[in-house]
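As a basis for the values below, the full set of heavy atoms in this structure was taken, side chains included, without hydrogen atoms, waters or symmetry mates.
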Amino acid sequence: MAEELRSEIAPIEPIRLEVTVRRSLEDAFSQFTTRMNAWWPTDRFTFGPGRSPEVLMDHYVGGRFYERYSDGDEFTIGEVLAWEPPHRVVFTWSGRWAQPTEVTVQFTSKEPLVTRVQLEHAGWERLGGQGLERRNEYANGWPTVLAVFEESISA
């Protein structure tokens, strides 16, 4: 019986990344959460390739993080779990798997017009045997997404 309990999936290290942007704390939070469509690299990262997506996030707990396509269809990526402007937003990431993972983005003022943005994507063990593989895929994608964010709003 004790052996059966130990067969659970071991914790998988979260993805942790950080960028610094030349924007105020409030503006960095706003750009990340309310203007995602302006900077998200939809040419490479979308659940509807070739469908001209918009990337949107509702601005309240229980709201959606989703894509809306030019044909009117929508794909829900996740749910907003915490909405704490201008310091933190937390949302689930369901992708195309059964259990959601969780993304936390924190914003910290370093100077009046310099903000550190820290992203953590955790909960990979919820995906069972696919957890490590999916984590490694996203570990290759998130650096690009954050680099595009940094470049687009720091210019």
Side-chain angles (χ1 to χ4, degrees), residues 11-71 73-110 113-127 130-155:
I12 298 173
E13 184 71 22
I15 297 167
R16 292 185 181 98
L17 299 167
E18 176 180 311
V19 295
T20 301
V21 296
R22 288 180 285 150
R23 294 289 181 121
S24 69
L25 177 67
E26 293 79 7
D27 195 29
F29 182 90
S30 177
Q31 292 288 328
F32 191 94
T33 60
T34 66
R35 297 185 38 91
M36 294 181 99
N37 200 50
W39 63 266
W40 191 274
T42 56
D43 59 329
R44 293 168 274 177
F45 299 103
T46 178
F47 288 97
R51 297 181 72 193
S52 300
E54 292 180 275
V55 180
L56 305 162
M57 180 179 290
D58 292 331
H59 304 150
Y60 54 89
V61 172
R64 294 183 307 146
F65 171 44
Y66 61 105
E67 292 184 356
R68 179 182 300 141
Y69 306 107
S70 57
D71 60 11
D73 283 346
E74 294 180 349
F75 178 80
T76 299
I77 302 165
E79 177 184 346
V80 178
L81 300 177
W83 182 261
E84 302 168 7
H87 300 286
R88 185 171 85 112
V89 62
V90 181
F91 51 95
T92 61
W93 189 286
S94 296
R96 297 200 188 279
W97 46 72
Q99 296 296 318
T101 55
E102 191 171 296
V103 178
T104 300
V105 187
Q106 300 211 101
F107 301 82
T108 308
S109 180
K110 301 301 286 175
L113 293 176
V114 178
T115 300
R116 180 175 60 212
V117 180
Q118 296 171 291
L119 180 142
E120 179 179 281
H121 193 159
W124 300 103
E125 54 280 346
R126 297 175 190 159
L127 306 182
Q130 293 185 340
L132 188 57
E133 180 182 347
R134 295 289 173 255
R135 185 239 183 248
N136 291 339
E137 289 171 3
Y138 278 74
N140 289 323
W142 276 120
T144 300
V145 171
L146 278 186
V148 170
F149 172 70
E150 177 184 26
E151 182 179 314
S152 70
I153 76 160
S154 292

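Using modelled atom types, no side-chain atom of Arg116 and backbone atom of Lys110 make a donor-acceptor pair closer than 3.5 Å. Side-chain N or O atoms of Ser152 include one that pairs as donor or acceptor with a backbone N or O of Phe149 at under 3.5 Å. Remark: side-chain polar atoms of Arg126 are paired, donor with acceptor, to backbone N or O of Pro100 under 3.5 angstrom. In this structure, the side chain of Thr34 engages the main chain of Ser30 through a donor-acceptor pair within 3.5 Å. Remark: the backbone N or O of Arg23 is paired with a side-chain donor or acceptor of Thr115 at under 3.5 angstrom.
Contacts of Glu18 classified as side chain to side chain donor-acceptor pair (under 3.5 Å), with partners at least two apart in sequence or in another chain: Gln118. Applying the side chain to side chain donor-acceptor pair (under 3.5 Å) test to Glu120 and every residue at least two apart in sequence or in another chain returns Arg16. Under the side chain to side chain donor-acceptor pair (under 3.5 Å) criterion, Gln130 pairs with no residue at all, not counting sequence neighbours. For Gln99, the side chain to side chain donor-acceptor pair (under 3.5 Å) criterion is met by no residue, not counting sequence neighbours.
Contacts classified as salt bridge (charged side-chain N to carboxylate O under 4.0 Å, His left out) and involving residues 57-66 (residues at least two apart or in different chains) are given here: Arg64-Glu74.
Using modelled atom types, one finds a donor on one side chain and an acceptor on the other under 3.5 Å when comparing Trp142 with His121.
Ring geometry for Phe47 against Trp93 counts as tilted: the plane angle lies between 30° and 60°, on a 0 to 90° scale.
A cation-pi arrangement is found for Arg96 relative to Phe75, the charged atom lying closer than 6.0 Å to the ring centre and inside a 45° cone about the ring normal.
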When the side chains of residues 80-92 are checked against the rest of the protein, which donor-acceptor pairs come out under 3.5 Å, sequence neighbours left out?
unit_1, atom_1, unit_2, atom_2, d
Trp83, NE1, His59, O, 3.4
Glu84, OE1, Arg88, NE, 3.0
Glu84, OE2, Arg88, NH2, 2.9
Thr92, OG1, Glu79, N, 2.7

